[in-house]
Amino acid sequence: MCGIVAFTGNKDAVPVLLGGLFRLEYRGYDSAGIALQNICAAPANTIPAGDLQAGRAQAAQTQPAHQPQPGGSQAVGHPPLHIIKRVGKVAELRKALEDAHLSGAFYTGIGHTRWATHGAPSEANAHPHCDCSQTIAVVHNGIIENYAQLRQELQGAGHRFVSQTDTEVVAHLIEQEYQVAPGKLMQAVRRTVARLSGSFALAICHSAHPGQLVVTRNDSPLALGTCPDGAIAASDTPALIEHTRQVYYLNDRDLAVLHQNGHIEFFDPAGTPSTPTAVTIEWDLEDAQRGGYADFMLKEISEQPRVIKDTLAGRLDASQGRLLFEELALSHQELAAADRVVIVACGTSYHAGLIGKDLIETWARLPVEVEVSSEFRYRNPLLTPQSLVIAISQSGETADTLEAVKLARRAGAHVIALTNVVGSRITMEANEVILIKAHLEIAVAATKSFLAQVALLTLLAMHLARQRGQACDKQVLDLYRHMQQLPIQISEILANTTSIERCAQECSHAQTALFIGRGVGATTCYEGALKLKEISYLHAEAFAAGEIKHGPIALINPDGLADPAAQTPVIAVACKSATYDKMLANIEEMLARGAKVIALATVGDARISELTPHVIFIPETPECLSPILASVPLQLFARFIAVARGANVDQPRNLAKSVTVE
Ligand code: M6R
């Protein structure tokens, strides 16, 4: 998804903006751009905004020129903004900036990485976008839903458009509002925002307001803060943490004016000054760097022992046989009165929710439904004030999950958010928040956040069971003791990846791969298949093993019986469990039809080695914890295949880290 960085201060803004855009690359994008205020006179060899806006000259010939009103937004006497945009990577933008040989003092600017929604990836559609007089530059994340109507109205008033984007209307609307009250940029933005529907995070600069930036947001993330050399805003914390750990989050449609001396003014949607509270970001810069690993995904997989340790830390009151969830304000009585749990999430977080369902129903004897947020939000789901809704989102910014939370709140349900990001949107929408301890996750493929979600849901399920009188001290202590083994056991898996890599090599040329398992093993498979398809582009599907006879078994290529090269890979999660014998029978069915079965089994299992030579062993753990261990080799399996197929492991095509649009 798109990324925003905005800076004003007492040092060169270019390295700050580019550095921030590089740190946001993981979000996924197709073009990048930057607008700079030159607080000195523009030297002859620099390139003014208009010349760099592809398509603008042509548009000027075909559309009526808008005549700015006297005293309007023309920044008479102010140097023009410098705007450079490129299709492709931020490195291309950096090269373009170098080639432009800009000279002057660029202490204020805005930068953007664009993930195309309205209009193809092109320089004309890349941000920043300008008004007719090119004195206002705007970068935008999100979607302006009423842009078509606004565009028509603005064109009717003579404004010239040069892109196909929804964003460009914002620049022209600000231009129009600025003409009503010249010199009052924040007010012009405020009145503009009042006319926008949809989701947006916006950063705006105006050539007549040197050293000033205006930012605002609605349903789209934006954080800002004062730093030693000025003030900075960004759509995502990795672009900020190098400069400040104390950040502010705006409420919907609130605005902030960032000044060159680091001062920030905050306003509510009515324009009344406000004073939000700063939040401390605990991640450090090291979290945002690869630290010697080949890619972020590998680094994040390797951090999982620490993530589980952090998840467990401080959660047990051993003297009382209780788990500690002090962030939950729900009383004993309220928990006892809960009639059911509804879990909403997307993608990997949804898979964590499926495991949570199994554990909550088994231990707390509470009915649980799990639904993908994009379906839930458009239904009329059964919710009562006694419903406990658990919304899971690593980023805390997934548009569909946020809407599901709002729907649940409107229906009177109590919403608990599980997220990895302090200050994210979901933390503002839910009744209560439990932070998972995954720390910053950069790779698009969720790995350590999944393990943190599952570990936390495991503890939460036992906590609910204990609170509802369904579990005793011993069960709590036993579970915790087994979970304390997980970091060591994950380290053992990470220390010997030979069999995983060998199996991955054998499958890397396959057209399709199937995953089968039972119970929580089936859910582990759903996540394993998602990981494989999203980063390696190898088609993968997961099934409950008992279902294969009802259709999917037809996918096994019978040529595999005679030709090992034609064998369809089937990854079978067959750890020790109540359904282990059934899994062995399913494996035999697959082998009998010519599949190449790669089994994930518990260390010491001799029976499985008699069936297939491709076995990946994991340490022994109770069945309820097996998804935590079994997911690790599946993450590595996906990554090995992606590397073998030459895919970009951290930034898979068409995907973004946080899906902030519907
Ligand atoms: O930030 P969220 O947990 O709400 O994200 C939900 C999905 O977009 C996410 O889990 C996605 O499926 C993963 N990138 C897959 O690895």
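Whatever order the structure lists ligands and atoms in, that order sets their numbers, starting from 1.
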When the side chains of residues 451-463 are checked against the rest of the protein, which donor-acceptor pairs come out under 3.5 Å, sequence neighbours left out?
residue : atom : partner : partner atom : Å
Gln453  : NE2  : Ser349  : OG           : 3.0
Thr458  : OG1  : Val454  : O            : 2.6
His463  : ND1  : Leu323  : O            : 3.4

_I'd like to check which ligand 1 atoms, numbered from 1 as shown, lie under 4.0 Å from a non-hydrogen atom of Ala445._
16 (O)
*Just need the protein heavy atom nearest to atom 1 (O) of ligand 1, so name the residue and atom and give the distance.*
Ser395 OG, 2.7 Å
*Among all protein heavy atoms, pick out the one at the shortest distance from atom 5 (O) of ligand 1; state its residue, atom name and that distance to 0.1 Å.*
Thr398 OG1, 3.4 Å
_Row check, Tyr537 ring normal vs Arg645 NZ/CZ: under 6.0 Å, within 45°_ = no
*Polar side-chain atom of Asp650 near backbone of Asp295 as donor-acceptor pair, under 3.5 Å*: no
*Quick one: does Val342's side chain get under 4.5 Å of Pro381's, heavy atoms only?*
no
*Any nitrogen or oxygen of Val444, main chain or side chain, under 3.5 Å from a nitrogen or oxygen of ligand 1?*
yes
*Give yes if a backbone or side-chain nitrogen or oxygen of Thr401 is under 3.5 Å from a nitrogen or oxygen of ligand 1, and no if not.*
no
*List every atom of ligand 1 that sits less than 4.0 Å from any heavy atom of Ser349, numbering the atoms from 1 in the order shown and giving each element.*
2 (P), 3 (O), 10 (O)
*Sidechain-backbone polar pair: Lys657 side chain, Ala443 backbone, donor-acceptor under 3.5 Å*: yes
*asked:* Which of the numbered atoms in ligand 1 are under 4.0 angstrom from any heavy atom belonging to Cys346?
replied: 6 (C), 7 (C), 10 (O)
_I'd like to know if Lys657 contacts ligand 1, where contact means a heavy-atom distance under 4.0 Å to any ligand atom._
no
_Please report whether ligand 1 has a polar contact with Ala446, defined as an N or O pair separated by less than 3.5 Å (distance criterion only)._
yes
*Lys531 N/O to ligand 1 N/O under 3.5 Å*: yes
*With distance as the sole test, does Thr216 use its side chain to make a donor-acceptor pair with the main-chain N or O of Asp254 at under 3.5 Å?*
yes
*Per-atom contacts, ligand 1 versus Glu534 - under 4.0 Å to a heavy atom*: 14 (N), 15 (C), 16 (O)
*Are the side chain of Thr497 and the backbone N or O of Leu494 linked by a donor-acceptor pair below 3.5 Å?*
no
*Considering residues at least two apart in sequence or located in another chain, which fulfil the side-chain contact (heavy atoms from CB on, under 4.5 Å) criterion with Glu327?*
Arg315, Phe325, Ile434
